[in-house]
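Everything numeric here is computed off the predicted structure, so don't read it as measured data.
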Amino acid sequence: MRINKLMADRGIASRREADAFIAAGKVKVNGKPAVVGQQVNETDEISVDGLDKQKKIYLAYYKGRGIITHSPGANETDIKTQLSARSDLGGASPVGRLDKDSEGLMILSNDGRITGPLLDPNAKHEKEYEVSVDKPTKGSFLKRLENGVNIEGYTTKPAKAKRVSDTRFSLTLTEGKKHQIRRMCAALGYQVQNLKRVRIMTIELGKLKPNQYRKITGAELKKFLASLQII
């Protein structure tokens, strides 16, 4: 995508402001000067001279079902709109995505350093989900989820699955293909009824309710940043 769109998605600046920052030579992508119209990836690190001196904020946020993480369409609501009334967020924006029909934990931050390491598909960061399906599960179903499922020619990486009740289980992945869990279940004859992310690496959703957040600080923050090799 174009760099000004990614900067807008991250809450760094509007697209017009982003282009002005870039034209003024204030923006770098992965440590190199950016150019107007440059194509970038979600995992790229973007820094802006002057803005990077602001206080770094890290939040654990509960995204509810039906809420869009980035770039909402007509009649859709995104996280930024949900939190627009809060003045204490310091420009924090979602890092990564979570499907519209899914709910649960997202990391919000204004620290561009964490974006690349957190979204790196080769880093094998764990993300844990609670899943409800349309009929009772069997031990063989959970084993197949753990061993890898063929979804349209791609075999998913090994995962961890644990039964919670007849129709509920937890699933821990180290990758994040589009609609992956829904596609894995569908390939095995199950339909997902509810999908909630409860953990990203060392950060847990805990007792948060939809549209609530808490600041990640102290030992929890230190452990999180260390796991990303930021400190």
Side-chain angles (χ1 to χ4, degrees), residues 9-12 42 54-72 76-115 117-119 123-133 159-165 167-176 178-182 185 192-228 230-231:
D9 284 350
R10 291 184 184 175
I12 297 173
E42 284 193 357
Q54 65 183 332
K55 182 180 179 181
K56 299 293 190 291
I57 294 176
Y58 311 87
L59 305 173
Y61 172 75
Y62 190 141
K63 184 196 87 67
R65 291 184 75 173
I67 304 301
I68 304 297
T69 54
H70 298 282
S71 305
E76 291 182 331
T77 301
D78 65 346
I79 293 174
K80 191 173 182 179
T81 300
Q82 285 282 94
L83 296 174
S84 60
R86 299 303 302 254
S87 61
D88 59 343
L89 300 185
S93 58
V95 182
R97 297 177 181 272
L98 189 60
D99 296 342
K100 178 180 179 179
D101 293 329
S102 300
E103 61 184 296
L105 179 63
M106 293 201 64
I107 303 296
L108 276 58
S109 181
N110 59 2
D111 185 355
R113 299 176 304 164
I114 74 171
T115 303
L118 184 57
L119 301 183
K124 298 182 180 179
H125 296 316
E126 285 192 348
K127 295 179 181 179
E128 183 178 353
Y129 301 81
E130 290 182 355
V131 189
S132 296
V133 288
K160 299 175 185 176
K162 183 178 180 180
R163 184 179 175 135
V164 176
S165 68
T167 58
R168 293 178 58 226
F169 60 93
S170 67
L171 186 65
T172 301
L173 305 179
T174 58
E175 60 180 341
K178 188 174 182 179
H179 305 306
Q180 180 170 338
I181 295 176
R182 297 178 188 278
C185 290
V192 171
Q193 302 296 303
N194 192 63
L195 179 60
K196 179 166 72 173
R197 186 159 64 197
V198 297
R199 179 171 63 89
I200 298 174
M201 299 174 63
T202 59
I203 307 300
E204 297 185 1
L205 182 65
K207 297 181 179 180
L208 290 175
K209 300 265 192 307
N211 201 40
Q212 289 184 342
Y213 64 86
R214 62 177 176 81
K215 292 186 177 181
I216 303 170
T217 60
E220 183 184 31
L221 176 59
K222 186 175 181 179
K223 184 177 182 181
F224 175 61
L225 295 180
S227 66
L228 293 173
I230 300 296
I231 59 173

Participant: What's the verdict on salt bridge (charged side-chain N to carboxylate O under 4.0 Å, His left out) for Lys80 and Asp78, showing C-alpha distance, side-chain angles and the deciding distance?
Facilitator: CA-CA 5 Å; Lys80 191 173 182 179; Asp78 65 346; over 6 Å; no
Participant: Testing the basics here: between Thr115 and Glu42, what is the closest heavy-atom pair and its distance to 0.1 Å?
Facilitator: CG2-O, 3.0 Å
Participant: Let me see the working for Val192 and Asp101 under side-chain contact (heavy atoms from CB on, under 4.5 Å), right down to the final yes or no.
Facilitator: CA-CA 10 Å; Val192 171; Asp101 293 329; over 6 Å; no
Participant: Side-chain contact test, heavy atoms from C-beta onward, threshold under 4.5 Å: evaluate it for Asn110 versus Tyr58 and give yes or no.
Facilitator: no
Participant: Please examine the side chains of Leu118 and Met201, heavy atoms only from C-beta on, and report whether any two atoms are closer than 4.5 Å.
Facilitator: yes
Participant: Given side chains that start at C-beta, do those of Gln82 and Thr77 come closer than 4.5 Å, heavy atoms only?
Facilitator: yes
Participant: Quick one: does Leu105's side chain get under 4.5 Å of Lys127's, heavy atoms only?
Facilitator: no
Participant: Can Tyr62 and Arg214 be said to form a side-chain contact (heavy atoms from CB on, under 4.5 Å), step by step?
Facilitator: CA-CA 9 Å; Tyr62 190 141; Arg214 62 177 176 81; over 6 Å; no
Participant: Between Ser109 and Ile57 (side chain of the first, backbone of the second, donor and acceptor by atom type, cut-off under 3.5 Å), is there such a pair?
Facilitator: yes
Participant: Determine the minimum heavy-atom distance between His125 and Pro117, stating which atoms define it.
Facilitator: NE2-O, 2.8 Å
Participant: Please report the closest heavy-atom contact between Pro210 and Gly64, naming both atoms and the distance.
Facilitator: CB-CA, 4.2 Å
Participant: Over all heavy atoms of both residues, which pair between Leu195 and Arg182 is shortest? Give the atoms and the distance, please.
Facilitator: CB-NH2, 4.0 Å
Participant: Kindly say whether Gly96 contributes a backbone atom to a donor-acceptor pair with the side chain of His70 at under 3.5 angstrom?
Facilitator: yes
Participant: Give the minimum heavy-atom separation between Ser170 and Val164, together with the two atoms involved.
Facilitator: N-CG2, 4.0 Å
Participant: Can you list everything that forms a side-chain hydrogen bond (donor to acceptor under 3.5 Å, both in side chains) with Arg199? Sequence neighbours excluded, please.
Facilitator: Glu126, Glu128
Participant: Can you list the steps and then say if Gln180 with Leu173 is a side-chain contact (heavy atoms from CB on, under 4.5 Å)?
Facilitator: CA-CA 10 Å; Gln180 180 170 338; Leu173 305 179; 3.8 Å; yes
Participant: Shortest non-hydrogen contact from Leu108 to Ala92?
Facilitator: C-CB, 4.1 Å
Participant: Between Asn194 and Arg65, is the side-chain hydrogen bond (donor to acceptor under 3.5 Å, both in side chains) condition met? List the steps.
Facilitator: CA-CA 9 Å; Asn194 192 63; Arg65 291 184 75 173; 3.3 Å; yes
Participant: So how far is it from Gln193 CD to Arg168 CZ, rounded to the nearest 0.5 Å?
Facilitator: 13.0 Å
Participant: What pairs with Arg197 under salt bridge (Lys or Arg N to Asp or Glu O under 4.0 Å), at least two apart in sequence or on another chain?
Facilitator: none
Participant: Short question: side chain of Lys63, backbone of Asp99 - any donor-acceptor pair under 3.5 Å?
Facilitator: yes
